[in-house]
Amino acid sequence: LKSFGSSCFEGCISLLNLNLSGCTSLQTIDGFVDCKALINVDMSSCIGLEKIGAFTNCIGLVQVKLPSSVKTIAGYAFSGCKALANINISDCVNLEVIEGSAFLECVALENLNLTSCTRLVRIDNWAFKDAIGIKSVDVSLCNNLTEIGAYAFSGCTVAQIKLSASLTRIKNKAFGD
């Protein structure tokens with residue numbers, strides 16, 4: 001299996017756990033939008049997985065285990081996952097981009113440690129907008145990070161933020177409320 005196409009499991013109301021530990025050749029994942037009962041996703045063994053998307057509005061999703069191979073977290077990938085509290089982004093040592101609205105309104109997220117993501121170049125517009133539970137953001141060791149997009153952390157009003165010296169551009173209201 002190399003990919004899950006868009007909408008393949010969209011709206012599936014009985015899917016609780018998604019364990020992809022045997023999918024070592026999986027390259028892209030899409031198609032799990034509005035799986036409201038989904039609680040846990042384990043992609044940690046998907047060593048070929050480079051792009052993750054389409055868990056939008058999985059409102060019951062609490063935990064996601066990502067593989068280190070991920071290069072892109074796609075726009076809206078986890079948007080609206082209001083219960084998402086545990087996601088191991090720090091293990092994604094190959095991560096280059098967090099696209100727009102990827103974690104929009106993920107209100108249960110608390111700590112965002114990206115220090116191991118040394119290949120991270122960009123955090124796009126609205127990436128973590130209204131993720132109001134975020135208390136700390138650490139991108140201090142992301143030596144390739146050059147840009148944080150507009151409204152990227154807007155609404156994260158209690159977050160303590162450690163930035164990278166490599167940043168050359170922080171767009172408007174990136175940390176506004």
What pair of heavy atoms forms the shortest contact from Met43 to Leu20, and how long is it? CG-CD1, 3.9 Å
With heavy-atom distances below 4.5 Å as the criterion, would you say the side chains of Ile89 and Cys117 are in contact? yes
Does one hydrophobic cluster hold both Leu84 and Leu38, with members joined at side-chain heavy-atom distances below 4.5 Å? yes
Establish, from distance only, whether the side-chain atoms of Asp138 and Thr115 form a donor-acceptor pair under 3.5 Å. no
Taking all non-hydrogen atoms of both residues, which atom of Ile170 and which atom of Leu167 are closest, and how far apart? CD1-CD1, 4.2 Å
Tabulate below the donor-acceptor pairs under 3.5 Å that side-chain atoms of residues 152-165 make, not counting sequence neighbours, or state none.
unit_1	atom_1	unit_2	atom_2	d
Ser154	OG	Gly176	O	3.1
Ser164	OG	Cys142	O	2.9
Ser164	OG	Ser166	N	3.1
Ser164	OG	Ser166	OG	2.7

Check the pair Ile148 / Phe175 against side chain to side chain contact (heavy atoms under 4.5 Å, CB included), numbers first and verdict last. CA-CA 10 Å; Ile148 295 178; Phe175 301 99; 4.0 Å; yes
Taking all heavy atoms of Ser140 and all of Asn143, pick out the closest pair and write down the distance. O-OD1, 4.2 Å
Heavy-atom distance under 4.5 Å between the side chains of Phe128 and Ile134, does that happen here? yes
Under the 3.5 angstrom rule, does the side chain of Asn125 hit a backbone N or O of Ala150 as a donor-acceptor pair? yes
I'd like to know if Phe78 and Leu26 are part of one continuous hydrophobic network [Ile/Leu/Val/Met/Phe/Trp/Tyr, side-chain heavy atoms within less than 4.5 Å]. yes
Show me the pairs that pass salt bridge (Lys or Arg N to Asp or Glu O under 4.0 Å) and involve residues 102-127, at least two apart or across chains. Lys82-Glu105, Glu110-Lys135, Arg122-Asp124
Just wondering, do Leu145 and Ile123 contact through their side chains at under 4.5 Å, heavy atoms? yes
May I have all residue pairs that pass salt bridge (Lys or Arg N to Asp or Glu O under 4.0 Å) and include part of residues 8-18, sequence neighbours excluded? none
At their closest point, which heavy atom of Thr72 faces which heavy atom of Glu99, and how far apart are they? CG2-OE2, 3.5 Å
Is there a path of hydrophobic side-chain contacts, each under 4.5 Å between heavy atoms of I, L, V, M, F, W or Y residues, that connects Val41 with Leu1? yes
Tell me the closest heavy-atom pair linking Pro67 and Cys92, and the distance in Å. O-SG, 3.6 Å
One pair to check against side chain to side chain contact (heavy atoms under 4.5 Å, CB included): Leu109 and Ile87. What are the steps and the verdict? CA-CA 8 Å; Leu109 280 178; Ile87 186 164; 3.8 Å; yes
Identify the two heavy atoms, one from Asn113 and one from Ser90, that lie closest to each other, and give their separation to 0.1 Å. O-CB, 3.1 Å
Can you tell me which residue pairs pass the salt bridge (Lys or Arg N to Asp or Glu O under 4.0 Å) test with a partner in residues 15-37, sequence neighbours excluded? Asp34-Lys36
Check whether Ile73 and Leu112 end up in the same hydrophobic cluster, where Ile, Leu, Val, Met, Phe, Trp and Tyr are linked by side-chain heavy atoms less than 4.5 Å apart. yes
Is a side-chain N or O of Asn40 found less than 3.5 angstrom from the main chain of Asn17, in a donor-acceptor match? no
Donor-acceptor contacts, no H, no angles, side chain residues 44-66, under 3.5 Å, sequence neighbours left out:
unit_1	atom_1	unit_2	atom_2	d
Ser44	OG	Asp42	OD1	2.6
Thr56	OG1	Tyr76	O	2.4

Under the salt bridge (charged side-chain N to carboxylate O under 4.0 Å, His left out) rule, collect the residues that match up with Glu147, sequence neighbours excluded. Lys171
Return the orientation label for the Phe9 and Phe32 ring planes: parallel under 30°, perpendicular over 60°, tilted otherwise. parallel
Within one Ile-Leu-Val-Met-Phe-Trp-Tyr cluster: Val70 and Leu18, side-chain cutoff 4.5 Å: yes
